[in-house]
J.: 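Once you've had a glance at the structure underneath, I'll fire off some questions.
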Amino acid sequence: MKNDQELVNKIRRGDKEAFSLLVKDLMPSAYKTAYLILRSKEHAEDALQNALEGAYISIMKNNDMTNFNAWFFRIVYSLLVEGFCLSLTQASRYEN
């Protein structure tokens with residue numbers, strides 16, 4: 001956790017490699033979760049890209065990052081629910 005805060009501080013100082021290090025270990029689990037919910041490689045990748053973008057923006061806005069892992073997965077989950085609901089809406093349009 002202290003290491004995460006150190007990486008967040010480096011990111012805020014412009015170290016782009018630090019962001020990769022911060023999210024590297026989270027990505028396999030986040031992708032697996034995204035794929036299981038969305039059932040689409042492309043949608044899972046899109047959701048994770050949006051989550052990464054949101055994480056980077058929040059870090060740069062100096063939002064509190066005391067537990068980055070939990071925070072990141074909350075963002076991923078929110079995007080997945082949003083994507084799943086959107087896919088259900090689109091599927092129901094095709095059925096009618």
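Bear in mind that the values here come from a model prediction, so they are computed numbers and not experimental data.
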J.: Could you pull out all residues at least two apart from Asn50 that satisfy side chain to side chain donor-acceptor pair (under 3.5 Å)?
T.: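 Per chain and number, Asn50 pairs via side chain to side chain donor-acceptor pair (under 3.5 Å) with no residue.
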J.: So how far is it from Asp4 CG to Leu22 CG, rounded to the nearest 0.5 Å?
T.: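 If I round to the nearest 0.5 Å, the distance is 5.5 Å.
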J.: Quick check for you: to the nearest 0.5 Å, what is the distance between Lys32 atom NZ and Met27 atom CE?
T.: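 Answer for the NZ-CE pair, Lys32 versus Met27, is 15.0 Å.
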J.: What is the distance from atom OH of Tyr35 to atom CD of Glu42, rounded to the nearest 0.5 Å?
T.: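 Between atom OH of Tyr35 and atom CD of Glu42 there are 9.0 Å.
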J.: How far does CD1 of Ile37 sit from CG of Leu80, to the nearest 0.5 angstrom?
T.: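 Between Ile37 CD1 and Leu80 CG, I get 4.5 Å after rounding to 0.5 Å.
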J.: Residues two or more places apart in sequence or in another chain: which of them pass side chain to side chain donor-acceptor pair (under 3.5 Å) with Arg74?
T.: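 Expected list: none.
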J.: For Gln5, is there any backbone N or O sitting under 3.5 Å from a side-chain donor or acceptor partner on Asn9?
T.: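 Checked: pair present.
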J.: For the residue pair Trp71 and Phe68, does the interplanar ring angle fall in the parallel (under 30°), tilted (30 to 60°) or perpendicular (over 60°) class?
T.: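 Aromatic pair Trp71/Phe68 classed tilted.
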J.: Rounded to the nearest 0.5 Å, how far does CZ of Phe19 lie from CD1 of Ile59?
T.: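 CZ of Phe19 is found 5.5 Å from CD1 of Ile59.
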J.: Does Tyr77 form a side-chain contact (heavy atoms from CB on, under 4.5 Å) with Glu82? I'd like the steps, not just the answer.
T.: CA-CA 9 Å; Tyr77 180 76; Glu82 181 180 303; over 6 Å; no
J.: Measure the CZ-CG distance between Phe72 and Leu52 for me, rounded to the nearest 0.5 Å.
T.: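 Result: 4.5 Å between the selected atoms.
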J.: To check you understand the geometry: which heavy-atom pair defines the closest contact between Glu45 and Tyr31, and what is its length?
T.: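 Where Glu45 meets Tyr31 most closely, the heavy atoms are CG-CE1, 3.9 Å.
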J.: Give me the atom names and distance for the closest heavy-atom approach of Ala18 to Leu7.
T.: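 Ala18 and Leu7 have their closest heavy atoms at CB-O, 3.8 Å.
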J.: Locate the shortest heavy-atom distance separating Ala47 from Leu79; write the atom from each residue and the value.
T.: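 So the two residues come closest at O-CD1, 3.6 Å.
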